[in-house]
Amino acid sequence: MTDFHDYLETLLKGQFAEAEQTFAMERSAFTFPEAKNQWQPPRHFLIENLKMTWKVEFEKSTITAKNELSIISKISNLKVVKLHAAELEILEIKDQNKNKLFFEHDHEKHTLFITLNEEICEGGKVTLMFNYKVNQPQVAGYFIKPNSYFPKVGEQFWTHFQDDYARYLIPIYDHPSYKFPVEMIVTVPEGFYAISNGELLSQKKNKNKTETFHWKQEKPVPAYLITLAIAKYEIYKEKSGDLDVYYYAEKKHDKETVYRTFGKTPKMIAFLEEKLGVKYPWKKYGQVCVSNFIIGGMENTSVTTMTDVIMHDEKAHKDITFEGLVAHELVHQWIGDLITCKSWSHGWINEGGATQLQNEWKKFDLGEDEYLYEQFGKQESYFNEDKNLYRRPIVQTKWMYGMDVFDAHLYPGAAWRYYMLKHLVGEKIWWEVLSYILTQHAYTSIETVDFQRAFEVITGNNYDWFFDQWLYKAGYPEVKIKCSYNSEDKQVIVKIEQTQDVEGTPEVFRFPFTIQILDQNGNKKRHSNEITEKIHFFYLPVESKPAAIELDPDYAVLMDAQIEKPIDMWIHQLKNGSNVIMKIRAAKALGKKATIKAVDALSKAILAEEFWGVQAEIATILGNLKTQLALFGLLNAVKIQDSRARTKVATALGNFYQEKNALNSLVEMLNNSDSYFVEAAAATSIGKIKHENSLKILVDHLPKIETSWTEIVLRGYLSGIAATEKKEAIDILLPYFEVGKSDYCRREVIVHLAKVGKLCKKEHPEIKAILEKTLLNDKSHRVIRATISAIDSYDDASLIPQLNQIEKMSYFHHFKRAAKCAIRTLSKTKDRSELKSIEKTVEELQIENRKIKERLDKIENDISKSK
């Protein structure tokens, strides 16, 4: 499963954000007091088969269901069968002999206890026959119809069962450790197409203007991977070898658009089959697009459900593709579906595997630079959550809801564990281990220990140490590294000191470490050792002073490193680094030095660099410096070729408070005709620099904005208008929050209203009322989720009761957690208002200090030249 991230990253706030964070409390705990250890449930029976016969009625938004659940006893005296069921109108339950069975349905605890007429011995079988209705479901099954909030959607019905929502539509044991074959016979209105797991056995038209579809999934799956999607679909069929590959999309999406998104799927399947050494394990592979999907994609066995947002046009395709999402959900057909985590505590196996292998596809398809840059993005995402929110082990056994652990630790953090294991054992063996796991545990559920044992079986080595520190404990090495050259002894000395000091984090991590030394002629020599101590020294003989010292040149170790090296070595590494990561590290180091020499090197590199990702990182670094020299470097880069890098340049220019030259360049970028993203970023930055003309420029341009994919350009303008922090912005933003406006805009406008409204609560008390009303009454899933974040930033503790209401009443586990986190934030006693009130003063002082520092650097530079 993947959630959908913002298309434009949150703009960095620079030094003020750092000051604000030091003023705030430290990391919060991952768990709340109500959390408890989650252990494997008892297995008193096995599910042999589930057969569902459903009639789905759109007019009434109801499902009439007759299910047959066959189970096999694992104990000698099975009398009471415990299942999960929530908000189902169960009319009766019978056994295979048509005998009625007594049952007790605890709606609050989502449990269903069925008393059999006689005990069943071990190995004995019984079939439970359910007759029930689902009336206007609020969760798990979604009837999508045109309404005032979404006037342009087509009629659809789709399901989503992860983490444990199957119980809202199916009486079942709703846990990933229970797997079973599934059969779905579903009757729908004529003209609609119904898609489910497995193979389509039949499709027939009925006399009453309905159609019946019969799908059968022979191999076992857990409840959360059962699916049903119904709409008026256009069906596209491809082949990957002998496998049928389907794309299902509404007819409003043309073939070119569908193939722009899904076209590489057959090649992805062939790649994964070859690398994993395991054939695609299901009868078909389908990808179906639905409206208003609550996440990005869901890997239902043999047919992935995806948000139709991924249907993007050619112009958007220059800046963003969804091949990563497509590859991620496809990987899950092996890692997550063929083998499944036994509980969400071990969900890293599913999500870490899919997140890493989607990048392995990117390496095959686009090359090493893109591969490493995505790996870098994974690291930054994981570090951001770890440093700013909470730190937890990857294997987290204590939680309230399974969805609690679906975070950056579970996705990029876990992917990095896969990635480090790949470097530890070597690529060839790594793929062999994955193949072994998939073969040995096919169609079963596994735990972390099973994963670990596979590495030990294939390699013959013990990896207790790795799994203990990297999976069962929290964090990663936080290191200070100092590189120096001793001319007398002709030695390079590298000191590595681990400084991590957080409860639950190993005091000393064990990891392999490589140093690459480049001499003045460009010759390279490597030195490797295993770090096992808090302080480790490398004493490396060299013939002369090296031109560069590259640390961890293969980017094989997850670590947060502060590296001290001479500036000339950093400049050499920026120009000639072995890979894009070495160049990015050099750029970051030079950004921290911020001298004339360092900024000059960055300004030249952003123009000379060939890879867009390095250009983008340099742009961000220059933007954070906020100096005139950095601004000059960015202004020279506003026309660099790759629009993805140009977007970052536009974003970086937003950090130059009231700079007229920055404003002029951004206005020129507004007319960018080849990229939605550049124009959107420029509009946002025009607001951020808070020039006296910023608001007028944006408002004047509003009528000229053309429709764009997901209204990303308009969203950029609205973000810029909010960023001016002028009171007038509220009246400009409010019409874009009206019911019926673009949902993409509404979910962002509510956040903007909260941030601006916080600055003028007396003049605009209606913002608080809007937040409260939206939180409790809005019909958009994503707008409600955004409102929880908005209330957090609005910083008004009187809204805690409304958050409490959402936490208690919402069906969505991620809503519950978000609400609890917001309540915790609003309950903090420390007042940040004083710090906020001096924000502009801080920004102005920063600019003055930078100018003084530049003058001093110039004087020092002139003196050194004169010598």
Side-chain angles (χ1 to χ4, degrees), residues 47 49-70 85 87-91 128-137 139-145 154-161 165-172 174 180-219 221-235 244 246 248-250 282-284 286-291 293 298 300-305:
I47 299 176
N49 188 67
L50 169 64
K51 181 179 179 180
M52 297 171 284
T53 303
W54 289 8
K55 181 180 180 182
V56 179
E57 297 182 82
F58 277 83
E59 287 187 10
K60 300 177 182 178
S61 297
T62 62
I63 301 170
T64 303
K66 293 183 178 181
N67 290 8
E68 298 177 19
L69 184 69
S70 300
E87 300 193 2
L88 303 177
E89 184 185 346
I90 300 177
L91 304 176
L128 304 174
M129 306 177 74
F130 298 85
N131 185 357
Y132 65 97
K133 289 185 177 181
V134 183
N135 298 302
Q136 299 181 343
V139 70
Y142 302 83
F143 285 93
I144 306 299
K145 304 175 185 179
E155 281 193 302
Q156 301 176 12
F157 174 81
W158 47 263
T159 64
H160 176 71
F161 292 161
Y165 293 114
R167 63 191 66 183
Y168 285 89
L169 296 189
I170 307 168
I172 196 67
D174 197 2
F180 42 87
V182 174
E183 199 168 351
M184 169 66 79
I185 303 170
V186 57
T187 299
V188 301
E190 189 176 36
F192 284 78
Y193 194 90
I195 305 156
S196 190
N197 310 89
E199 182 181 13
L200 181 61
L201 299 184
S202 67
Q203 174 185 351
K204 68 174 184 177
K205 291 188 176 182
N206 306 312
K207 293 181 180 180
N208 59 352
K209 294 185 178 181
T210 63
E211 292 187 52
T212 300
F213 296 79
H214 186 177
W215 292 89
K216 188 170 185 178
Q217 170 62 47
E218 294 180 345
K219 297 295 185 180
V221 300
Y224 82 91
L225 293 176
I226 299 171
T227 187
L228 177 62
I230 304 167
K232 294 178 179 179
Y233 286 116
E234 192 73 36
I235 303 171
D244 290 333
Y246 297 91
Y248 304 94
E250 287 188 289
W282 316 105
K283 286 289 182 74
K284 70 161 188 307
Q287 292 169 104
V288 53
C289 285
V290 303
S291 299
F293 199 41
M298 182 64 216
N300 307 302
T301 303
S302 80
V303 54
T304 287
T305 307

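Note that this is a predicted model, so its numbers are computed, not measured.
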With a 3.5 Å distance limit and no angle check, can you tell me whether [X] reaches the backbone of [Y] through a side-chain donor-acceptor pair?
| X | Y | value |
| --- | --- | --- |
| E218 | P181 | no |
| W282 | V303 | no |
| K145 | F58 | yes |
| D174 | A166 | yes |
| Q156 | S291 | yes |
| Q217 | K219 | yes |
| N197 | T301 | yes |
| E183 | K51 | no |

Do [X] and [Y] come within less than 4.5 Å of each other through their side chains, counting heavy atoms only?
| X | Y | value |
| --- | --- | --- |
| N67 | P171 | yes |
| M298 | W158 | no |
| V290 | I144 | no |
| T227 | V288 | no |
| K232 | F192 | yes |
| I185 | L201 | no |
| N206 | T212 | yes |

Considering non-hydrogen atoms only, spot the tightest contact between [X] and [Y] and give its length.
| X | Y | result |
| --- | --- | --- |
| V182 | N49 | N-OD1, 4.3 Å |
| L200 | S202 | CD1-O, 3.3 Å |
| F143 | P137 | CE1-CD, 3.9 Å |
| E68 | M129 | OE2-CE, 4.0 Å |
| E250 | G154 | OE2-CA, 3.7 Å |
| S302 | G198 | OG-N, 2.8 Å |

Which value, rounded to the nearest 0.5 Å, describes the distance between [X] atom [atom1] and [Y] atom [atom2]?
| X | Y | atom1 | atom2 | value |
| --- | --- | --- | --- | --- |
| F161 | L169 | CZ | CG | 4.5 Å |
| I230 | E211 | CD1 | CD | 11.5 Å |
| F157 | I63 | CZ | CD1 | 3.5 Å |
| L50 | I170 | CG | CD1 | 6.0 Å |
| Q203 | W215 | CD | CH2 | 9.0 Å |
| M184 | W54 | CE | CH2 | 4.0 Å |

**Asked** If we ignore angles and hydrogens, is there a donor and acceptor under 3.5 Å between the side chains of N300 and T305?
**Response**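 A pair is found: one side chain offers a donor N or O, the other an acceptor, under 3.5 Å apart.
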
**Asked** Quick one: do the T210 and K55 side chains pair a donor with an acceptor below 3.5 Å?
**Response**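 Checked: T210/K55 side chains show no N/O donor-acceptor pair below 3.5 Å.
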
**Message:** Tell me whether the rings of F213 and Y193 are parallel (<30°), tilted (30 to 60°) or perpendicular (>60°).
**Reply:**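 Taking Y193 first and then F213, their aromatic rings stand perpendicular (interplane angle over 60°).
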
**Prompt:** Parallel, tilted or perpendicular for Y165 and Y168, by the 30°/60° rule?
**Reply:**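 The arrangement is tilted - the two ring planes meet at 30° to 60°.
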
**Message:** What verdict does the side chain to side chain donor-acceptor pair (under 3.5 Å) test give for K66 and T53, after you've listed the backbone C-alpha separation in whole Å, the side-chain angles of each residue and the deciding distance to 0.1 Å?
**Reply:** CA-CA 5 Å; K66 293 183 178 181; T53 303; over 6 Å; no

**Atom CD of E59: over 12 foreign heavy atoms under 6.0 Å** =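 No, the 6.0 Å shell around CD holds no more than 12 heavy atoms from other groups.
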
**Item:** K216 atom NZ: more than 12 heavy-atom contacts under 6.0 Å
**Value:**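 At most 12 heavy atoms, drawn from other residues, nucleotides or ligands, come within 6.0 Å of this atom.
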
**Request:** List the steps and the verdict of side-chain contact (heavy atoms from CB on, under 4.5 Å) for Y233 and I195.
**Result:** CA-CA 10 Å; Y233 286 116; I195 305 156; 3.7 Å; yes

**Prompt:** Hey, mind stepping through F293 and H160 against ring pair (Phe, Tyr, Trp, His ring centres under 6.0 Å) and telling me if it holds?
**Reply:** CA-CA 9 Å; F293 199 41; H160 176 71; 5.5 Å; yes

